[in-house]
Amino acid sequence: MTRSSVLELLQSDRFLQEVTVKGWVRTFRSNRFIALNDGSTINNIQCVIDFESTTQETLKRINTGAAIAVKGTLVESQGKGQSVEIQVTELEILGDSNPDEYPIQPKKHSLEFLRENAHLRVRTNTFSAVMRVRSALSFAVHRYFQENGFYYVNTPIITGSDAEGAGEMFKVTSFEANKAPIDEAGKIDYKQDFFGKETNLTVSGQLEAETYAMALGKVYTFGPTFRAENSNTTRHLAEFWMIEPEVAFNDLDANMDLSEDFIRYVLNYVLVNCKEDLDFLDQRLTQEEKSKPQAQRSEMSLLEKLNFVVNNNFKRVSYTEAIDILRNSKPNKKKKFQFPINEWGADLQSEHERYLVEKHFKCPVILFDYPATIKAFYMRLNEDGKTVRAMDVLFPGIGEIVGGSQREERLDVLKEKMAALDIDEKELWWYLDTRKFGTAVHAGFGLGFERLVQFTTGMGNIRDVIPFPRTPQNAEF
Ligand code: ATP
Ligand code: MN
């Protein structure tokens, strides 16, 4: 007989029919009721066994975590809490789970403990819900772009340029650490290395994506990126997934429109398609919030926050306006910010971003037209000569979720900016070529996928929304 998933059976009305299901035991009580889960849904199916006809030996092996196959009759449930259940006629233990050793017991475990058991934590309700939502979000990402005329481009993970400018990089080499050849100047001779030059893991696919946008028109990347920064925060990973659309002929306004439309679409997709998981995560967060002091509690539940973002425009504010607001804000006057805002030109820290979003505007904010001095070389210089067409999308609880810009399309201006920052033209000759041959206005942004999953699931720590997190001092699994 073909195997059904728990999801199919819970939605089915094939009463009094024979069904087969396989999964892992979540709980077993009264030597009679098994809660079985197979990952297809957050809900378990109740399997009722006939105590008389089950051997003592089998009963002892129905432990939390064991894999079992169940054959039986689907019936309407008499008990509370479920609509259907299986009256078991045959039960086979597929894989035992020793209750003295299995770490995931049917009780509340701390997120820290589960992080140490990242290979098993997805067998809990919280992590299975997060990972199903993550999967649905990534499908929605592709669907949005594919439905809107974008092409998916796979940019290289090993990059030959260290001028991407987004952060510290991990070196890629095939030299053995203590046996790298030294050149005449006493430096490591990368000419003898695998690629014949220094290479790194990419921090962004943007520069390569730009070359593709200048031929395919609308493109996006969705792949892993790496940052070798020692930032031990709840929002930074050393390996994370980034989504980077890049569009020829788009200016900054069109870029802002795209970021809003895109984020709304993917959030709406999961609101429609992941209802049960989101309901669970909503309740989980409400529970967690109760343990916080009143002043730190969020005013909205998870579902309210998601619906709010889907139904409201983001507030667009220039950097200059934002600085005025921050300078005159209560926490700044009372010296509550760790980094006080004194003058125009200051880089915004996450405390400032969160003040703007959570306290001042109380909605997602897009900041634009930042000082050129605090942004990357490829952003388009404004007529004022001191700001660039940059944009950051700021979200409650997360801070920056998107960073993007209209790109500098004028060859002479781009070269000047590179010279000022000591970026070697020879290294980026191919990037400069896009400005030499058929240059055009274009724009794009980078969205950190895990930050999006964090916002969508309400998980406080970014380590809990990627299966096997990579962070400083941590690459187990
Ligand atoms: P932040 O200031 O938050 O460190 P950033 O300005 O360095 O971010 P960008 O280089 O603009 O980030 O990268 C684009 C997007 O990638 C960010 O908006 C964010 O969503 C995400 N991102 C950046 N760094 C990380 C990281 N270490 N871990 C996870 N996501 C990240
Ligand atoms: Mn940024």
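Every number for a ligand or one of its atoms is a count from 1 in the order of the listing. Along the sequence shown, the residues carry numbers beginning at 1.
- Both the backbone and the side chain of His236 come within 4.0 Å of ligand 1, counting heavy atoms alone.
- Contacts between Thr225 and ligand 1, counted as non-hydrogen atom pairs separated by less than 4.0 Å, are absent for every part of the residue.
- Assignment of Glu450 to the shell around ligand 1 is not supported, since no heavy atom sits closer than 4.0 Å.
- In this structure, a donor-acceptor pair under 3.5 Å is present between the side chains of Thr173 and Asp193.
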Listed pairs under 3.5 Å, donor-acceptor, residues 104-120 side chains, sequence neighbours left out:
{"from": "Gln105", "atom 1": "NE2", "to": "Tyr102", "atom 2": "O", "distance (Å)": "2.8"}
{"from": "His109", "atom 1": "NE2", "to": "Pro103", "atom 2": "O", "distance (Å)": "3.3"}
{"from": "His109", "atom 1": "NE2", "to": "Gln105", "atom 2": "N", "distance (Å)": "3.0"}
{"from": "His109", "atom 1": "NE2", "to": "Gln105", "atom 2": "O", "distance (Å)": "3.2"}
{"from": "Ser110", "atom 1": "OG", "to": "Phe113", "atom 2": "N", "distance (Å)": "3.0"}
{"from": "Arg115", "atom 1": "NE", "to": "Asp464", "atom 2": "OD1", "distance (Å)": "2.9"}
{"from": "Arg115", "atom 1": "NH2", "to": "Asp464", "atom 2": "OD2", "distance (Å)": "2.9"}
{"from": "Asn117", "atom 1": "ND2", "to": "Phe113", "atom 2": "O", "distance (Å)": "3.2"}

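- At least one N or O atom of Gly448, backbone or side chain, sits closer than 3.5 Å to an N or O atom of ligand 1.
- Counted by atom type alone, Asn200 and Thr159 present zero donor-acceptor pairs between their side chains at under 3.5 Å.
- With Glu400, Glu244, Arg235 as candidates, the residue nearest to atom 18 (O) of ligand 1 on a non-hydrogen basis is Glu400.
- Residues Phe314 and Phe395 place their aromatic rings such that the two centres sit under 6.0 Å apart.
- Pro469 approaches Asn474 most closely through the heavy-atom pair O-ND2, 3.6 Å.
- Using a 4.0 Å cutoff on heavy atoms, Ile398 does not count as a contact of ligand 1.
- Heavy-atom proximity to atom 29 (C) of ligand 1, evaluated over Phe226, Phe449, Phe240, is greatest for Phe240.
- Distances below 4.0 Å separate heavy atoms of Val402 from the following atoms of ligand 1: 18 (O).
- Of the candidates Gln349, Arg227, Gln206, it is Arg227 that places a heavy atom closest to atom 23 (C) of ligand 1.
- With rounding to the nearest 0.5 angstrom, the CD1 atom of Ile398 is 11.5 Å from the CD atom of Glu400.
- Atoms of ligand 1 found under 4.0 Å from any heavy atom of Gly403 (numbered from 1 in listed order, with element): 18 (O).
- Every residue was checked against the side chain to side chain donor-acceptor pair (under 3.5 Å) condition with Thr27, not counting sequence neighbours, and none meets it.
- Atoms of ligand 1 lying under 4.0 Å from at least one heavy atom of Ile462, given by number and element, are 29 (C).
- The side chain of Met242, and not its backbone, has at least one atom closer than 4.0 Å to an atom of ligand 1 (non-hydrogen atoms only; side chain from C-beta on).
- Using a 4.0 Å cut-off between charged nitrogen and carboxylate oxygen, Glu409 and Arg380 count as a salt-bridge pair.
- Using a distance-only test at 3.5 Å, with no hydrogens or angles considered, a donor-acceptor pair links the side chain of Thr64 to the main chain of Arg26.
- Within the structure, the closest approach of Glu229 to ligand 1 does not fall below 4.0 Å when heavy atoms are considered.
- Here's the thing with Leu447: none of its N/O atoms is less than 3.5 angstrom from an N/O atom of ligand 1.
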